[in-house]
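The structure appears below as structure tokens.
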Amino acid sequence: MSITGECFCGEVKYNLNGTLRDARSCHCSRCRKAFSSQASAYALVEANEFEWVSGENLLTSYIGKHGFGLQFCSKCGSTICGVFNGSVHGVTLGCINGDPKIELGRHIYVGSKANWETIADGVPQYLESVPENA
Ligand SMILES: [Zn+2]
Ligand SMILES: [Zn+2]
């Protein structure tokens, strides 16, 4: 199955020849800023299954201290993917086209969520992180 995604203006497009893994939503204050939202919505990909289709030249990056960063469309500002040490690490669920057949599996850092957010029941919530393979 191939999954496609694109930014708000449509200039940046990607194709994923594989599956999304470990979809999660992080409610920490840093993710709220990075995703301009109540939380992140993000799933992991295999870097070798991911390819840019168009607009790669429009990408701009913000790389944090630990080698993990995010890439954005410099034209419309959509946050498209996460990168780790230069390779694509995951994608934002919001920029995926259609139904990627994955659901958020956990809410993390719920202990520091915004007071204005109410998280729906039914998905495991963790006050902080959980081990990567939990
Ligand atoms: Zn764009
Ligand atoms: Zn976070």
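Indexing begins at 1, ligand by ligand and atom by atom, following the structure's order. Computed from heavy atoms alone, side chains included, the values below leave out hydrogens, waters and symmetry copies.
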**Message:** For a distance under 2.8 Å, tell me if Cys28 has an N/O/S atom near the Zn ion (ligand 2).
**Reply:**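 Given the 2.8 Å cut-off, Cys28 counts as a ligand of the Zn ion (ligand 2).
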
**Request:** Measure up the His89 and Phe68 rings against each other and bin them: parallel (under 30°), tilted (30 to 60°), perpendicular (over 60°).
**Result:** perpendicular

**Request:** Report yes or no: does Tyr42 contribute a side-chain atom to a donor-acceptor pair with the main-chain N or O of Gly90 at less than 3.5 Å?
**Result:**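 At least one qualifying donor-acceptor pair exists.
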
**the Zn ion (ligand 1): angle it makes with SG (Cys9) and SG (Cys7), nearest 10 degrees** = 100°

**Asked** Vertex the Zn ion (ligand 2): angle to SG of Cys26 and SG of Cys31, to 10°?
**Response**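 My answer is 120°, to the nearest 10°.
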
**Request:** Could you tell me if the ring centre of Tyr62 sits under 6.0 Å from that of Phe72?
**Result:**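 No: the rings miss the under 6.0 Å criterion.
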
**Prompt:** Should Leu20 and Val45 be marked as a side chain to side chain contact (heavy atoms under 4.5 Å, CB included) after you check the CA-CA gap, both sets of side-chain angles, and the distance that decides it?
**Reply:** CA-CA 5 Å; Leu20 297 164; Val45 303; 3.7 Å; yes

